[in-house]
Enquirer: 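First the structure, which I've put down as structure tokens, then a few questions once you've had a look.
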Amino acid sequence: MLKTLQMWHGTNGDSSWPKPEIAVKCDEDARPGYATKKAHEYLDTPEVLKAKVKLLAEMINKSQHCLAYTGAGISTASGINDYATKVHH
């Protein structure tokens, strides 16, 4: 169970947070040809999102150096189409 919670919310997440809901369901693989998952998009509740942003801010403030290594999800959530799949919003 803990491993599943970490998958959804990270190792610093709160085990009481509900798992995200599917916002966009897609039957295509996110990365065809790789060990992959479906290209669904998920959304946290506003309360969980606010808590995650607060947690992230605390982690950044405590760090000496910060680097954001992001994937396609950062742009697709903003409405930019994912180049790696055929998914269009």
Side-chain angles (χ1 to χ4, degrees):
M1 178 76 166
L2 181 60
K3 187 173 183 171
T4 302
L5 291 172
Q6 288 177 351
M7 180 181 80
W8 292 114
H9 302 302
T11 56
N12 293 328
D14 188 323
S15 62
S16 70
W17 291 341
K19 78 176 198 175
E21 297 289 327
I22 292 181
V24 177
K25 184 173 167 112
C26 180
D27 290 328
E28 294 190 40
D29 288 340
R31 300 278 182 203
Y34 296 89
T36 189
K37 296 181 184 261
K38 298 299 180 189
H40 308 315
E41 184 173 338
Y42 296 86
L43 293 176
D44 284 310
T45 64
E47 296 80 19
V48 171
L49 179 59
K50 185 175 180 178
K52 285 182 176 182
V53 169
K54 182 179 178 186
L55 180 61
L56 176 61
E58 290 169 358
M59 291 167 58
I60 291 171
N61 283 329
K62 288 179 183 177
S63 71
Q64 292 181 350
H65 304 283
C66 181
L67 172 70
Y69 182 75
T70 69
I74 195 120
S75 57
T76 55
S78 302
I80 300 169
N81 289 334
D82 180 355
Y83 77 94
T85 68
K86 307 285 189 271
V87 177
H88 297 285
H89 302 284

Enquirer: Check whether Y42 and M7 end up in the same hydrophobic cluster, where Ile, Leu, Val, Met, Phe, Trp and Tyr are linked by side-chain heavy atoms less than 4.5 Å apart.
Expert: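 Linked within one cluster.
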Enquirer: Let's go through H40 and V24 carefully: what are the C-alpha distance in whole Å and the side-chain angles of both, what is the deciding distance for side-chain contact (heavy atoms from CB on, under 4.5 Å) to 0.1 Å, and is it a yes or a no?
Expert: CA-CA 6 Å; H40 308 315; V24 177; over 6 Å; no
Enquirer: For a quick test of reading the model, state the closest non-hydrogen atom pair linking L49 to D44 and the distance between them.
Expert: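 Answer, listing the atom of L49 first, then D44: N-CB, 4.0 Å.
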Enquirer: Main chain of D27, side chain of K38: is a donor-acceptor contact present, judged purely on distance under 3.5 Å?
Expert: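 A pair under 3.5 Å: yes.
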Enquirer: I need the minimum non-hydrogen distance between N12 and L55, along with the two atoms involved.
Expert: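 Here N12 and L55 meet closest at O-CD2, 3.4 Å.
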Enquirer: Is the backbone N or O of P18 less than 3.5 Å from a side-chain atom of H9, with the two atoms forming a donor-acceptor pair by type?
Expert: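 Judged by distance alone, yes, a pair lies under 3.5 Å.
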Enquirer: Are I22 and W8 connected, step by step, through hydrophobic side chains (Ile, Leu, Val, Met, Phe, Trp, Tyr) whose heavy atoms are closer than 4.5 Å?
Expert: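 Linked within one cluster.
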